Amino acid sequence: MPTAKKIFVANWKENKNFSQGVLDFKQLLDLLDPSRVQNNQVVICPPSPFLPVFREILSGRPQRDFVRLGCQDVSQFEEGSFTGEVSVRLLRDLAHYAIIGHSERRQFLGESEEAVCRKTDLCFRFDIVPLVCFSRVDQLRSLVPVAVRRFLVAFEPLAAIGSGRAESPEVVRDILGSVKGIFGEKADFLYGGSVGRSNVRSYLEVQGVAGVLVGGASLASADFSQIVSQS
Ligand code: PGA
């Protein structure tokens, strides 16, 4: 059974209305028993409008010691006339982590590698820990000059996302080796793509895997809390 501290990231994507999201977050906190979970890190990445409310809810709970909030994106611009964008200057007060370069943004929203680099750089400068997603190792190479501090990467093969066809732990081990070859210990490695209760342990058992990024199975509090308690 894996023992080192693990990180469990919930990516809610563009789901839930406001009242449902607040209810689900409170329910999740109730389900995360500090005596069982406190040696791990749980990161909830809801749509950004939830962040100030969740921060408030979390501040009064013992789970604040091991639950952190994350955003699903940041603006590639520091501040200014960029309608619709949310800056790192604002998000730094609301989120510890930021998902950067998710394949859905690369695929549907035209996110370029250059934008991913700019966003990662801004996160470092504004003390947000970037969690950079990739499906091919070569997508990470342009980050080498930018990656000045410790950060997270998540290997998310396109075919595994939301499909129920998770990648095999053997392939994950190989990719992890390539990533460590590029960044050494500077990058903590997560796996994402159809992670659920029944397979999470097989990834956490791969030597060097720091945690998992969970989409669909993070939407129901009961499912996600069970994933977290598999560690
Ligand atoms: P999934 O999504 O767990 O639903 O496959 C993972 C992700 O896209 O981050």
Side-chain angles (χ1 to χ4, degrees), residues 6-16 20-21 24-25 28 31 40-48 50-51 54 67-74 95-111 113 115-116 119-120 123 128-137 139-140 143 151-169 171-172 175-176 179 187-206 209-231:
K6 299 292 182 192
I7 176 160
F8 298 85
V9 184
N11 177 9
W12 282 9
K13 307 190 180 183
E14 191 186 349
N15 289 298
K16 300 183 194 280
Q20 189 62 51
D24 287 349
F25 183 63
L28 176 65
L31 290 168
N40 293 312
Q41 178 105 115
V42 176
V43 182
I44 311 299
C45 303
S48 290
F50 285 114
L51 289 170
F54 285 10
V67 175
R68 296 280 177 270
L69 298 176
C71 47
Q72 298 176 14
D73 185 36
V74 300
H96 274 83
Y97 293 88
I99 296 174
I100 302 291
H102 191 282
S103 63
E104 288 153 8
R105 297 197 58 82
R106 296 182 195 253
Q107 196 179 343
F108 304 123
L109 297 153
E111 182 132 318
E113 271 182 44
V116 170
K119 291 176 179 191
T120 306
C123 285
I128 296 172
V129 180
L131 192 187
V132 180
C133 300
F134 70 100
S135 54
R136 300 186 325 266
V137 174
Q139 291 172 314
L140 294 176
L143 283 175
F151 70 123
L152 304 177
V153 295
F155 171 50
E156 297 210 307
L158 298 182
I161 295 177
S163 64
R165 296 194 307 274
E167 187 54 271
S168 71
V171 169
V172 171
I175 300 289
L176 183 149
V179 171
D188 287 322
F189 182 99
L190 312 188
Y191 168 72
S194 295
V195 173
R197 272 182 303 172
S198 59
N199 63 8
V200 60
R201 205 180 275 237
S202 65
Y203 300 106
L204 298 179
E205 280 172 354
V206 174
V209 168
V212 287
L213 174 53
V214 186
S218 74
L219 293 175
S221 307
D223 288 346
F224 189 61
S225 71
Q226 285 185 29
I227 289 172
V228 173
S229 34
Q230 299 281 325
S231 57

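Order of appearance sets the numbers: ligands from 1, and atoms from 1 within every ligand. These figures come from a predicted structure and were not determined experimentally.
A donor-acceptor pair is defined here as one N or O able to donate and one able to accept, closer than 3.5 Å; such a pair exists between the side chain of Tyr203 and the backbone of Glu167. Looking at Arg106, its side chain does come within 3.5 Å of a backbone N or O of Gly101 through a donor-acceptor pair. Under a 3.5 Å cut-off, the side chain of Gln139 and the backbone N or O of Arg136 do form a donor-acceptor pair.
A heavy-atom separation below 4.0 Å is found between Gly193 and ligand 1. Heavy atoms of Gly162 come nearer than 4.0 angstrom to ligand 1 in at least one pair. Residue Ala160 places a heavy atom less than 4.0 Å from ligand 1.
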Start with the C-alpha distance between Val214 and Asn11, add both sets of side-chain angles, then the distance that settles side-chain contact (heavy atoms from CB on, under 4.5 Å), and finish with yes or no. CA-CA 6 Å; Val214 186; Asn11 177 9; over 6 Å; no

From CA spacing to verdict: side chain to side chain donor-acceptor pair (under 3.5 Å), Gln41, Tyr97: CA-CA 12 Å; Gln41 178 105 115; Tyr97 293 88; 2.9 Å; yes

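Between Phe189 and Phe134, the two ring planes are perpendicular [angle over 60°; tilted spans 30° to 60°].
Each of the following atoms of ligand 1 lies closer than 4.0 Å to a heavy atom of Ile161: 2 (O), 5 (O), 8 (O). Residue Gly215 has at least one heavy-atom neighbour below 4.0 Å for each of these atoms of ligand 1: 1 (P), 2 (O), 3 (O), 4 (O), 6 (C). Each of the atoms 1 (P), 3 (O), 5 (O) of ligand 1 lies under 4.0 Å from some heavy atom of Ser194. Near His102, with a cut-off below 4.0 Å to any heavy atom, the atoms of ligand 1 are 7 (C), 8 (O), 9 (O). Within the listing of ligand 1, atoms 9 (O) sit less than 4.0 angstrom from a heavy atom of Asn11. The distance from ligand 1 to the heavy atoms of Leu213 drops below 4.0 Å at these ligand atoms: 9 (O).
Salt bridge status for Lys119 with Glu111: present, with a side-chain N to carboxylate O gap under 4.0 Å.
Here the closest heavy-atom approach between residue Ser194 and residue Ala160 is recorded as OG-O, 2.6 Å.
Of all protein heavy atoms, the one lying nearest to atom 4 (O) of ligand 1 is Gly216 N, 2.8 Å. Protein heavy atom closest to atom 9 (O) of ligand 1, with residue, atom name and distance, is Glu156 OE2, 2.9 Å.
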